[in-house]
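Comments concern the structure below.
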Amino acid sequence: MVAMELPEARSAGRSKSEQEIEDVAAFVRDHLSVPNFERISPGPHRNEPPDCLVSIRGREFAVETAQLMLPSKAKYPNAVGRWKLFEQLREHLFRDCGRLQPRLRQHRGSMVSVWFNLDGENRLPPRGNEIEHMIDHLKSVSPPSGEVLRRLHRASDTIPANTVINQNAAGSVGCTWAALPVDYRSSLRATLGFDIGLAYHDSFTRSDLRAEVKRVVQQHDDTRSDVLVLSVGGLTREGTFFPSSGMFANALFDDPNPLNGWAPRHVPAVVLHDQEKNRSRWLHGREPWMGH
């Protein structure tokens, strides 16, 4: 279950090919248990397996990679869609900071957790007016008094109605606030005087996560690959780290059987790589370079 997270911008945006190379390089750097690793290069055909060629001991191995993210559930908003909206909002705030600063000064010193009501939207990324609505909402609202914010840390049942998530009239967006420590530092606070987090609620069962792993493996199950690297806990293509991806990683590493007895038909090996904690787990097959 996710209620609120504080995403971190850790790098600049990357192309799809650059992200694939970096994800495979992270796996090789952290866990390739063989000497004589030589290089990683893009796959021979764009948008076809494998994504990369890894040269080890004079031999090339075809490596496909995919990022595991929170699964989408039928008739429910897409959690990753909210991630995309958060990244778009953050980019908008930086890009228009000069114009927005006078209109958003009331949020200075606050962590503003933004909330998007996607109302069952499952397109990725969403294509509505959510960013425009959120900016308009942030211009029109102010944080509760300091006493209300202090009570928020003492007892949730003392928070007055409508101060937990302050929504716009249409109910499409909302926000809530928490006071930032004086020594809190971030690039957005340095620019606008406040920072933003992402508020939402999603619950996932072990069955949900297993189904997502199986779906992604099936999507990349191909005879042209020697190994499929499933990356979790890494950065999005825009360079953002979402802590909830770490929860996904923990759940998969704690699961005794993430593939639930199922095995791919074509790719001979599948490995799960947690980039945040530098750990890996073979879900199917074994390291193809062992014995070569």
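Heads up: numbering here begins at 1 and tracks the sequence.
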I want to check something: taking the side chain as every heavy atom from C-beta on, are Trp115 and Thr176 in contact at a cut-off of under 4.5 Å? no
Nonpolar side-chain network containing Phe241, other nodes, edges under 4.5 Å: Leu235
Listed partners of Glu132 passing side-chain contact (heavy atoms from CB on, under 4.5 Å), at least two apart: Asn129, Asp136
So do the side chains of Ser187 and Phe94 get within less than 4.5 Å of each other, counting heavy atoms only? yes
Find out whether Val213 and Leu259 are in side-chain contact, i.e. whether some heavy atom of one side chain is under 4.5 Å from a heavy atom of the other. yes
Got a donor-acceptor contact below 3.5 angstrom from the Asp226 side chain to the Pro288 backbone? no
Full working for side-chain contact (heavy atoms from CB on, under 4.5 Å) between Trp289 and Val227: CA-CA 10 Å; Trp289 36 82; Val227 61; 4.2 Å; yes
Take Thr223 and Arg265 through the side-chain contact (heavy atoms from CB on, under 4.5 Å) test and state the conclusion after the steps. CA-CA 9 Å; Thr223 56; Arg265 296 178 59 188; over 6 Å; no
Donor-acceptor check, side chain of Gln101 to backbone of Thr191, threshold 3.5 angstrom: yes or no? yes
Testing the basics here: between Leu89 and Ile135, what is the closest heavy-atom pair and its distance to 0.1 Å? CD1-CD1, 3.7 Å
For the pair Glu60 and Arg39, find out whether any cationic side-chain nitrogen is under 4.0 Å from an anionic carboxylate oxygen. yes
Checking the side chain of Asp30 only, and the main-chain atoms of Asn278 only, is there a donor and an acceptor separated by less than 3.5 Å? no
Strictly by modelled atom types, are Asp195 and Ser186 linked by a side-chain donor-acceptor pair under 3.5 Å? yes
Heavy-atom nearest pair, Val217 first then Leu228, reads CA-CD2, 4.0 Å
Answer yes or no: are there more than 12 heavy-atom neighbours, outside Arg103 itself, under 6.0 Å from its atom CZ? no
Are His273 and Leu230 close enough that some pair of their side-chain heavy atoms sits under 4.5 Å apart? no
Keeping to residues at least two apart or across chains, list the salt bridge (charged side-chain N to carboxylate O under 4.0 Å, His left out) pairs with something in residues 247-259. Arg206-Asp255, Arg210-Asp255
Looking at side-chain heavy atoms only, is the closest gap between Lys139 and Leu100 below 4.5 Å? yes
Backbone N or O of Leu252 within a donor-acceptor pair of the Arg281 side chain at under 3.5 Å? yes
CG of Asp51 to CZ of Arg46: how many Å apart, nearest 0.5 Å? 12.0 Å
Can you tell me if Asp221 uses its side chain to pair, donor with acceptor, with the backbone of Pro264 under 3.5 Å? no
Side chain Asp23, main chain Ser231, donor-acceptor under 3.5 Å: no
What do the steps show when you test Tyr184 against Met111 for side-chain contact (heavy atoms from CB on, under 4.5 Å), and what is the final call? CA-CA 10 Å; Tyr184 178 90; Met111 172 62 70; 3.5 Å; yes
Examine the side chains of Thr240 and Glu8 and answer whether a donor and an acceptor come within less than 3.5 Å of each other. no
Single-linkage hydrophobic cluster, 4.5 Å side-chain cutoff, Val28 and Leu53 together: no
Within-4.5 Å side-chain heavy-atom neighbours: Val114 and Leu198: yes
Short question: side chain of His220, backbone of Val267 - any donor-acceptor pair under 3.5 Å? no
How are the rings of Trp177 and His107 set relative to one another: parallel (under 30°), tilted (30 to 60°) or perpendicular (over 60°)? parallel
Within this structure, what is the OG-CE distance for the pair Ser245 and Met69, rounded to the nearest 0.5 Å? 8.0 Å
Got a second to check how far Ser140's OG is from Leu104's CG, nearest 0.5 Å? 10.0 Å
Between Asn168 (side chain) and Gly171 (backbone), is there a donor-acceptor pair under 3.5 Å? yes
Interatomic spacing from CZ in Arg90 to CD1 in Ile131 - rounded to 0.5 Å: 13.0 Å
Residues in side chain to side chain donor-acceptor pair (under 3.5 Å) with Ser15, at least two apart? Glu18
Nearest non-hydrogen partners of Met134 and Val173, listed with the distance: CE-CB, 3.6 Å
Could you tell me whether the side chain of Gln106 and the main chain of Leu138 form a donor-acceptor pair under 3.5 Å? yes
For the pair Trp83 and Phe242, name the ring-plane relationship: parallel under 30°, tilted 30 to 60°, perpendicular over 60°. parallel
Steps toward side-chain contact (heavy atoms from CB on, under 4.5 Å) verdict (Thr236, Glu87): CA-CA 10 Å; Thr236 66; Glu87 290 175 327; 2.5 Å; yes
Report yes if some heavy atom in the side chain of Phe61 is under 4.5 Å from a heavy atom in the side chain of Glu287; otherwise report no. no
Are Cys175 and Val141 close enough that some pair of their side-chain heavy atoms sits under 4.5 Å apart? yes
Minimum-distance pair of heavy atoms, taken over all atoms of Gln67 and Gln19: NE2-NE2, 3.1 Å
Please identify each residue that fulfils side chain to side chain donor-acceptor pair (under 3.5 Å) with Arg224, with sequence neighbours left out. Glu48, Asp222
Arg215 and Glu212 ion-paired at < 4.0 Å: yes
Closest contact, heavy atoms only, Ser244 versus Tyr200: OG-OH, 3.3 Å
For the pair Glu238 and Arg14, find out whether any cationic side-chain nitrogen is under 4.0 Å from an anionic carboxylate oxygen. no
Closest non-hydrogen atom pair between Arg99 and Pro102, with its separation: O-CD, 3.5 Å
Rounded to the nearest 0.5 Å, how far apart are CZ of Phe194 and CG of Leu188? 5.5 Å
Sequence neighbours excluded, every pair satisfying salt bridge (charged side-chain N to carboxylate O under 4.0 Å, His left out) that has a member inside residues 168-191: none
To the nearest 0.5 angstrom, please state how far the OG atom of Ser41 sits from the CD1 atom of Ile21. 6.5 Å
